[in-house]
Enquirer: 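I'd like to ask you about the structure that follows.
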Amino acid sequence: MVRLRKLELSDVPAMALLANNKNIQRNLREGFPNPYTEEHAEGFIKSQLAIDPPNVMAIVFDEELAGVVGLTPHENQIFELGFWLGEPFWGKKIMSKAVELYLAYAAKTFDYKKLIAKVHETNIGSK
């Protein structure tokens, strides 16, 4: 079962383990740390805990952290959808469900005029 929830500091070890993966990193923005350490995960989670309502959510699959999904606000009420999913969870249609759940949450929570999503050309799964 896929569900979304707020990130928690208890997610630090799992997030660091999943995100410290070249197959994840090659499909994310250049600013994503490599290697991805527990310190990176803790800093990111703490920054997200300060945002209310949260714009980044934990993706949970069978009660295990599987990845994250969220929106980054830009100018003129444009928001960009971003996400990553740990490699052990690939190929299970988890992200499709997570994005569906997240977009329902975002529609109720954020006032945006346009929603965009950018995908690396080689990332077939995200397309």
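Along the sequence shown, residues are numbered consecutively beginning with 1.
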Enquirer: Which heavy-atom pair separates N55 from Q48 by the least distance, and what is that distance?
Expert: OD1-OE1, 3.2 Å

Enquirer: Would you say L65 ends up clustered with M1 if hydrophobic residues are merged whenever their side chains have heavy atoms under 4.5 Å apart, either directly or through other cluster members?
Expert: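 M1 does not cluster with L65.
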
Enquirer: Can you check whether E8 reaches I45 side chain to side chain, under 4.5 Å on heavy atoms?
Expert: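 A side-chain contact is absent here, since even the closest heavy-atom pair is not under 4.5 Å.
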
Enquirer: Please answer whether the main-chain N or O of N23 pairs with a side-chain N or O of N21 as donor and acceptor at a distance below 3.5 Å.
Expert: yes

Enquirer: State plainly whether one hydrophobic cluster holds both L28 and V68, where clusters connect Ile, Leu, Val, Met, Phe, Trp and Tyr through side-chain heavy atoms under 4.5 angstrom apart.
Expert: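 Yes.
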
Enquirer: With no hydrogens and no angle check, is any side-chain donor or acceptor of S47 less than 3.5 Å from a backbone partner on F44?
Expert: yes

Enquirer: Among the clusters formed by ILVMFWY side chains lying less than 4.5 Å apart, do Y105 and Y112 turn up in the same one?
Expert: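 Linked within one cluster.
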
Enquirer: Using a 4.5 Å cut-off on heavy atoms from C-beta on, say whether the side chain of P53 contacts that of F110.
Expert: yes

Enquirer: What orientation do W84 and F32 show, parallel under 30°, tilted 30 to 60°, or perpendicular over 60°?
Expert: perpendicular

Enquirer: Does the side chain of L7 come within less than 4.5 Å of M57's, by heavy atoms?
Expert: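 Side chain of M57 against side chain of L7, heavy atoms only: no contact under 4.5 Å found.
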
Enquirer: Minimum heavy-atom separation for F61 to A66, with atom names?
Expert: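 Closest pair (atom of F61, atom of A66, distance): CB-CB, 4.2 Å.
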
Enquirer: Heavy atoms, side chains only, cut-off 4.5 Å: are E80 and H74 in contact?
Expert: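 Of all side-chain heavy-atom pairs linking H74 with E80, at least one is under 4.5 Å.
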
Enquirer: If only atom types and distance count, is the side chain of Q25 paired as donor or acceptor with the main-chain N or O of A19 below 3.5 Å?
Expert: yes

Enquirer: Locate the shortest heavy-atom distance separating P73 from F79; write the atom from each residue and the value.
Expert: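 Nearest pair, atom of P73 first, then F79: CB-CE2, 3.8 Å.
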
Enquirer: Would you sort out whether D62 and K92 count as a salt bridge (charged side-chain N to carboxylate O under 4.0 Å, His left out), showing the intermediate values?
Expert: CA-CA 12 Å; D62 289 343; K92 299 179 182 186; over 6 Å; no

Enquirer: Taking all atoms of both residues into account, what is the closest heavy-atom pair of A41 and A16, and its distance?
Expert: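 Taking every non-hydrogen atom into account, CB-N, 4.1 Å.
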
Enquirer: Closest approach of L85 and W90, non-hydrogen atoms and distance?
Expert: O-NE1, 2.7 Å

Enquirer: For a 4.5 angstrom cut-off between non-hydrogen side-chain atoms, does L115 reach L71?
Expert: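 Sidechains of L71 and L115: in contact.
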
Enquirer: Are the side chains of V99 and F83 in contact, using a 4.5 Å heavy-atom criterion?
Expert: yes

Enquirer: Looking only at heavy atoms, which two atoms of R3 and L101 are closest? And how far apart?
Expert: CA-CD1, 4.1 Å

Enquirer: So, N20 side chain and T37 main chain: donor-acceptor pair closer than 3.5 Å or not?
Expert: no

Enquirer: Using modelled atom types and a 3.5 Å cut-off, is there a donor and acceptor pairing between side-chain atoms of Y102 and backbone atoms of I59?
Expert: no

Enquirer: Look up atom CD1 in I78 and atom NZ in K113, then write down how far apart they are to the nearest 0.5 Å.
Expert: 9.0 Å

Enquirer: Which value, rounded to the nearest 0.5 Å, describes the distance between L103 atom CG and L81 atom CG?
Expert: 6.0 Å

Enquirer: Hey, any chance V2 and M95 share a hydrophobic cluster, counting ILVMFWY side chains that come within less than 4.5 Å of each other, even indirectly?
Expert: yes

Enquirer: Is there a side-chain contact between L18 and F89 (heavy atoms, below 4.5 Å)?
Expert: yes

Enquirer: Looking at CZ of R5 and CD of E63, how far apart are the two atoms once the value is rounded to the nearest 0.5 Å?
Expert: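 Rounded to the nearest 0.5 Å, the CZ-CD separation comes out at 8.5 Å.
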
Enquirer: Is K6 paired with D11 through a side-chain N to carboxylate O contact shorter than 4.0 Å?
Expert: no

Enquirer: With clusters defined by side-chain heavy atoms of hydrophobic residues (ILVMFWY) lying less than 4.5 Å apart, directly or transitively, does I51 cluster with V12?
Expert: no

